[in-house]
Amino acid sequence: MVLASLLDVARDVGYPVLFALVAIETMGIPVPGETAIFTAGILASRDELQIEAVIAVAAAAAIIGDNVGFAIGRRYGRRLLLSPGPLERHRRRVIEIGEPFFERHGPKAVFLGRWVTGLRITSAWLAGVNRMSWPTFLFWNALGGICWAVVVALVAYYLGRGAERVFNVAGLGGAGVIVVGGVIVWLVVRRRERARDGRRNVP
């Protein structure tokens, strides 16, 4: 089984590879950082890793990796996007659109971007490119990294072998669809409740 192989590898290499995968992903390189946390959470449910250490290592890696990505984006990103060459007009649009967006929605983008695969890889880099204030970035990045590490690790930890069965049957994509589907259902229910409350308050 795919997950069984992942668990064997994760058990052998442990926390250093967990740190490396999460940090590299958040720097802007597409590696399976979130999968590494999920796998480590399952191992912790088997007492092969410590869940407290999994969360601490993942959160630290997420924060450090994002700050490296932010620094790279701030130092080199604008030069890359503004340099002459192919797709120059489209690259400049990233800054034209990104700067006002990050001025208005930067904290939300940094925090919520942690939970979306594509944004998790690019949000720190884009925040640096668009000159978001570093103290503001650091706060929301740290908050998002800690919350993300806690939620992903604890979901895997408490699901335990149930999570392993989902992975084996449906794969990572299937497990993700189940989780996203549950979140969407919850959001729809909440929206309907708010709409109903709003109609009640209309005189």
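Along the sequence shown, residues are numbered consecutively beginning with 1. Since the structure is predicted, the reported quantities are computational estimates derived from the model, not experimental observations.
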- d(Ile29 CD1, Ile121 CD1) to nearest 0.5 Å is 9.5 Å

- For Ala60 and Phe19, which heavy atoms make the closest approach, and how far apart are they? C-CE1, 4.2 Å

- Message: Between Asn141 and Phe137 (side chain of the first, backbone of the second, donor and acceptor by atom type, cut-off under 3.5 Å), is there such a pair?
- Response: no

- Message: Counting only heavy atoms from other residues, nucleotides and ligands, does the tally under 6.0 Å from CH2 of Trp134 exceed 12?
- Response: no

- Query: Is the shortest heavy-atom distance from the side chain of Val129 to the side chain of Tyr76 under 4.5 Å?
  - Reply: no

- When rounded to the nearest 0.5 angstrom, what is the spacing between CD1 in Ile55 and CD1 in Ile51? 4.5 Å

- Message: Ignoring hydrogens, what is the shortest heavy-atom contact between Thr26 and Gly65? Give both atom names and the distance.
- Response: OG1-CA, 3.3 Å

- Item | Any residue meeting side-chain contact (heavy atoms from CB on, under 4.5 Å) with Ala59, in chain and number order, not counting sequence neighbours | Ile146, Ala149

- Query: Between the side chain of Arg114 and the main-chain N/O of Leu143, is any donor-acceptor distance below 3.5 Å?
  - Reply: no

- Note on the structure: One should read off an interatomic distance between Phe111 CZ and Cys147 SG, to the nearest 0.5 angstrom, of 4.5 Å

- Message: Return the CG to OG distance between Leu154 and Ser45, rounded to the nearest 0.5 Å.
- Response: 11.5 Å

- Message: On a heavy-atom basis, which atom in Ala62 and which in Trp148 lie closest, and how many Å separate them?
- Response: CB-CZ3, 3.9 Å

- Nearest heavy-atom approach of Pro107 to Thr136 is CG-CG2, 4.0 Å

- Message: Working note: Val54 + Tyr15, criterion side chain to side chain contact (heavy atoms under 4.5 Å, CB included); need CA distance, chi angles, decisive distance, verdict.
- Response: CA-CA 7 Å; Val54 169; Tyr15 304 115; 4.0 Å; yes

- Task: Quick one: pull up CG in Leu112 and OG in Ser123 and give me the separation to the nearest 0.5 Å.
- Result: 10.0 Å

- Task: Please round to the nearest 0.5 Å and tell me the distance separating atom CG of Leu21 and atom CD1 of Ile37.
- Result: 9.5 Å

- Task: For the residue pair Met132 and Leu126, establish whether any side-chain heavy-atom pair is separated by less than 4.5 Å.
- Result: no

- Closest non-hydrogen contact found for Ile63 with Asn67 is O-ND2, 2.7 Å

- Task: Only counting residues at least two apart or in another chain, list the ones meeting salt bridge (charged side-chain N to carboxylate O under 4.0 Å, His left out) with Arg120.
- Result: Glu25, Glu34

- State, yes or no, whether a side-chain contact exists between Tyr157 and Ile42 at a heavy-atom distance under 4.5 Å. no

